[in-house]
**Student:** 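Pasting a structure below so you can have a look.
Starting from 1, each residue takes its place in the sequence as its number. Scope of the values below: all heavy atoms of this structure, side chains included, with no hydrogens, waters or symmetry mates.
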Amino acid sequence: MRLTVLGGCGAWPAADQACSGYLVEHNGFRLLVDPGYAVVPRLLRHIAPGDVDAVFVTHGHPDHCADLNPLLRARVMSDERIPPLPVFAPSHALTAVLALDRKQWLGASIVLHELTPGSDFAIGPFNAETRLLPHSLPTAGLRLSTGDHTIAYTGDTGPSPEIAALARNADLLLAEASYVDDDDMPHDLRTVLSTARQAGRHAAEANAGRLVLTHLIPGTDPEAATNAARASYPGDVSVATGGLAVYV
């Protein structure tokens with residue numbers, strides 16, 4: 001199983017970067033997780049639009065799903081005949097992004113599977129488990145497993161014991177870390193977003209094999225975030241930057 005980071009910015013894309021977007025591959029199956037702002041141009045460095053086998057969206061904020069629109073456009077306008085794209089997302093999460101174009105045009109290009117966070121199902125070769133995590137919109141934390149190997153991804157979330165449960169003994173935890181520490185975070189966001197220090201604690205509690213910090217708000221210092229996570233987590237810590245590839 002391979003995770004390729006397409007983008008890791010939180011809220012909006014910094015110069016020459018992209019928001020949340022991750023390509024997870026196993027046995028030839030390609031799953032795109034959270035096609036946020038500016039993700040599709042980075043995706044196309046790796047694969048063609050028709051090579052995406054499925055999409056998973058954790059929640060409906062545009063920095064996690066806006067680029068579903070250009071992906072569907074590219075598939076519809078391709079010279080090849082491309083089958084409809086299975087897309088998994090919480091109920092109503094994609095209403096706004098799918099309304100960007102006429103349903104008659106893009107509607108046949110997608111098979112939407114609306115889910116309730118907390119449900120388990122299969123996506124290609126992956127066993128997908130989800131958990132409801134605290135955010136300003138319903139968010140499905142994701143756990144992908146293939147045999148003995150597991151990747152866990154928080155999406156956006158406030159502090160919660162559900163994070164450690166989601167990532168229990170995972171080979172890799174991809175954790176939202178918008179800010180370095182509580183002192184950096186606006187008070188009104190403290191229940192709906194997390195810090196790098198909190199991500200380190202969750203990774204340690206979960207006994208995760210590796211921690212990758214993502215969704216850093218532009219201007220958040222990656223080195224400071226890494227050091228904050230290492231204060232409580234003894235394993236390997238890195239920051240999600242475009243092009244980072246992790247093999248599990």
**Student:** Can you tell me if S20 and Y37 form a side-chain donor-acceptor pair at under 3.5 Å?
**Tutor:**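 Not at all, the side chains of S20 and Y37 share no donor-acceptor pair under 3.5 Å.
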
**Student:** Quick one: list whatever passes ring-ring contact (aromatic ring centres under 6.0 Å, His included) with F88, sequence neighbours left out.
**Tutor:**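 Applying ring-ring contact (aromatic ring centres under 6.0 Å, His included) to F88 gives H113, F121.
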
**Student:** I'd like to know if W105 and I82 are part of one continuous hydrophobic network [Ile/Leu/Val/Met/Phe/Trp/Tyr, side-chain heavy atoms within less than 4.5 Å].
**Tutor:**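 Looking at the clustering, W105 is in a separate group from I82.
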
**Student:** If we ignore hydrogens and angles and just use 3.5 Å, is the side chain of E129 paired with the main-chain N or O of D120 as donor and acceptor?
**Tutor:**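 Side chain of E129 to backbone of D120: no pair is present.
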
**Student:** With rounding to the nearest 0.5 angstrom, report the CZ to CD distance, R30 to E25.
**Tutor:**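 One gets 5.5 Å once the value is rounded to the nearest 0.5 Å.
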
**Student:** Evaluate the side chain to side chain contact (heavy atoms under 4.5 Å, CB included) criterion for residues H135 and L193: first the C-alpha distance (whole Å), next the side-chain angles of each, then the deciding distance (0.1 Å), finally the verdict.
**Tutor:** CA-CA 7 Å; H135 191 48; L193 292 176; 3.7 Å; yes

**Student:** Can a salt bridge be assigned to the pair D101 and R73 using a cut-off of 4.0 Å between side-chain N and carboxylate O?
**Tutor:**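 Yes, this pair counts.
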
**Student:** Go through the steps for I47 and L23 under the test side chain to side chain contact (heavy atoms under 4.5 Å, CB included), then give the verdict.
**Tutor:** CA-CA 10 Å; I47 60 174; L23 181 63; 4.1 Å; yes

**Student:** Side chains of S178 and T220, heavy atoms from C-beta outward: is any pair under 4.5 Å?
**Tutor:**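 With C-beta onward as the side chain, the pair stays apart.
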
**Student:** Quick check: does any side chain N or O of T4 sit under 3.5 Å from a backbone N or O of R2, one acting as donor and the other as acceptor?
**Tutor:**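 Flag not set: sc T4 to bb R2 has no pair under 3.5 Å.
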
**Student:** Spell out, as yes or no, whether a donor-acceptor pair under 3.5 Å connects the side chain of R168 to the backbone of E205.
**Tutor:**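 Here the side-chain-to-backbone pair exists.
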
**Student:** Any side-chain donor paired with an acceptor under 3.5 Å for H149 and H26?
**Tutor:**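 There is no such pair (donor and acceptor under 3.5 Å, judged by atom type) between the side chains of H149 and H26.
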
**Student:** Whether the side chain of T154 engages the backbone of D156 through a donor-acceptor N/O pair (distance < 3.5 Å, no angle test) should be reported.
**Tutor:**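 Checked: no pair found.
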
**Student:** Are L106 and I110 side-chain neighbours, meaning at least one heavy-atom pair lies under 4.5 Å?
**Tutor:**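 In short, these two side chains do not touch, never coming nearer than 4.5 Å.
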
**Student:** Could you measure the distance from the NE2 atom of H64 to the CG atom of L94? Nearest 0.5 Å is fine.
**Tutor:**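 Here the rounded value is 12.5 Å.
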
**Student:** What verdict does the salt bridge (charged side-chain N to carboxylate O under 4.0 Å, His left out) test give for R190 and D182, after you've listed the backbone C-alpha separation in whole Å, the side-chain angles of each residue and the deciding distance to 0.1 Å?
**Tutor:** CA-CA 8 Å; R190 293 184 180 182; D182 285 351; 5.5 Å; no

**Student:** With the side chain counted from C-beta on, respond yes when D53 and L31 share a heavy-atom pair under 4.5 Å apart, and no when they do not.
**Tutor:**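 No - every pair of side-chain heavy atoms lies 4.5 Å or more apart.
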
**Student:** Whether the T195 and D181 side chains hold a donor-acceptor pair (N or O, under 3.5 Å, no angle test) is what I'd like checked.
**Tutor:**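 There is no such pair (donor and acceptor under 3.5 Å, judged by atom type) between the side chains of T195 and D181.
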
